[in-house]
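Values below: all heavy atoms of this structure, side chains included; hydrogens, waters and symmetry mates excluded.
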Amino acid sequence: MAWMLRAVTPVVVAIVTCMALGSVAAANDGAKYQDDVAAKKPNILFIVADDLGFNDVEFNHGAIDDTTTSLVHTPNLLKVAKRGVVFTNHHVQPFCSPTRAALMTGRYVLRYGLQNTVIWPQDAYAVPKNETLLAGNLKDAGYYTAAFGKWHLGLYQRWAVPTGREFDEQYGYYLGGEDYWTHSRNGGLDWHRNATLETSENGTYSATLLGDAAVDYIYRRSQTNQPWFLYLPFQSVHSPMEAPEKYINQYQNLTGNVRIRAAMVTAMDDQIGRILAELESTQQLENTIIAFTADNGAPYADAFSMGDEPEMVEAMQLGYRPLSSKPKPVRPPPGPHGQGGGSNSPLSGWKHWNFEGGVRSAAFISWSGLKNPGTFHHGLFHAVDWLPTLVGMAGGNTKRNLPLDGVDILAAIQAGGNTSPRDEIPVNIAACGQHSPRSIVDGPQAAVISKINGAEMKLIVDCYWRGTHDIADAQLYNLTADPSETANLKDERPHEFQKLLSRMAFWEAQSVPPYSVEKSCGEGKPQGTPPHWDVWC
């Protein structure tokens, strides 16, 4: 049996038109939370796990069915999740940078051209300067802000790194991945503290470094009366497959990458345990909101070498990323584990895929003010919803943001069941075809979820961009009844198919072309002594 309490009779969902989502969120000024927000504003700890599979954690047992059990031990995540509400229907983008951008901006990435790919080290691009990030909204509300861990939202100019985006402190790395011990990628060191290169951390596992930094930060902030925000995106469990030996030895029953990956997850979980202990010892746990999500599902592919990634080396030599000529399959490879050792079971798909295994993440919120702790919530949520929700809980406002796509979901969380203020998610609308940067989405390139007659229907098509509408192999799924996406209903439900196709057309029209780099800046590459990644333009 699952540890969670099954939600009671679902509450009727309030329907909000897609066009109104931004205005509803933008109008929020936090006033409606005066009864929930204590006299002392809550601290906010936002943890992001990298490439964590839906079934790589214990707290998701029973989230969709009771038949799938994780092989990975995550007692600390389980403990904090039990204090909160676990989301069974929380959606993200299919890979790294886009999800992090959605979290930080509260806006769909199709609005600023980040739908095709990640931000690559050599690219003179960042999340646009006119986008207000979550840190800025919380600073406006009186918070001290910090970002410890992976950034991956741009580094080519000083304004693009965390200290240029209204974070008071920064610690960690700018790129999307690197060696866990040497903190280097493609010949360059990438570990910084407050925009200054750190050279003394080599040889220490990154999860330990980030745990140390978070514990220290929590202690230091406990000595002040100012509320704090800590954005803590762990490197774990992105490739390369590396873990301390003591954690590998805990999984004698597993082999290969499944064993190493399990060790990597448990190593991260131990650091989260240290963080929880520090919150308790400094008497801050009850007044701290803990949000947790993965940035996407576990990948199918095996790990690559950070020092010899072929696509990266080729791109740095040629000055551009070649278009792929590989045929894209209609369905993702089966599980339960990918070659990289992760599991998204019982969902179909992997990182880079628009199927649920790639875009439905392990996620929860934990806070003493929640009305239904220890339950699952089945409402339709998206990563963009975090910004208006957390800003509202902090008593802040989003007046200086561009129109938001995210909606405040706290009332829905408190109501429980499957309550949600949203009825649609444009999962992804990649600019398929001869575009640069090319799409790194695997399989079908476009997907949208829309609620029809109470059921969450999902349409997936090979390509839907400008004049190219490749819908011959379209797939239509009823996620409410079939979250594993096994029964294609396209031919059986022509009305729903046409309705979702029209919604896809709507969101494609809202999309801007994929980002283009500032050519005058040249390309980024390791620089200085020792060679390291840093701003260059």
Check whether any side-chain N or O of [X] sits under 3.5 Å from a backbone N or O of [Y] as a donor-acceptor pair, and report yes or no.
{"X": "Asp140", "Y": "Gly142", "result": "no"}
{"X": "Ser343", "Y": "Pro336", "result": "yes"}
{"X": "Asn60", "Y": "Phe54", "result": "yes"}
{"X": "Lys499", "Y": "Pro494", "result": "no"}
{"X": "Trp151", "Y": "Ala160", "result": "yes"}

Checklist entry - Between the side chains of Asn401 and Glu131, is a donor N or O closer than 3.5 angstrom to an acceptor N or O? => result no
Checklist entry - Going by distance alone, is a donor N or O of one side chain under 3.5 Å from an acceptor N or O of the other, for Ser511 and Tyr108? => result no
Checklist entry - Would the Phe381 and His90 ring centres measure less than 6.0 Å apart? => result no
Checklist entry - Would Trp228 and Tyr143 satisfy ring-ring contact (aromatic ring centres under 6.0 Å, His included), going step by step from the backbone distance to the final call? => result CA-CA 5 Å; Trp228 53 262; Tyr143 280 68; 8.8 Å; no
Checklist entry - Glu508 and Arg466: salt bridge (charged side-chain N to carboxylate O under 4.0 Å, His left out), yes or no, with the steps? => result CA-CA 7 Å; Glu508 189 273 339; Arg466 302 311 187 237; 2.7 Å; yes
Checklist entry - Can you find a pair of side-chain heavy atoms, one from Cys96 and one from Lys150, that are under 4.5 Å apart? => result yes
Checklist entry - Applying the side chain to side chain donor-acceptor pair (under 3.5 Å) test to Asn296, which of Asp50, Thr99, Asn344, Asp51 qualifies? => result Asp51
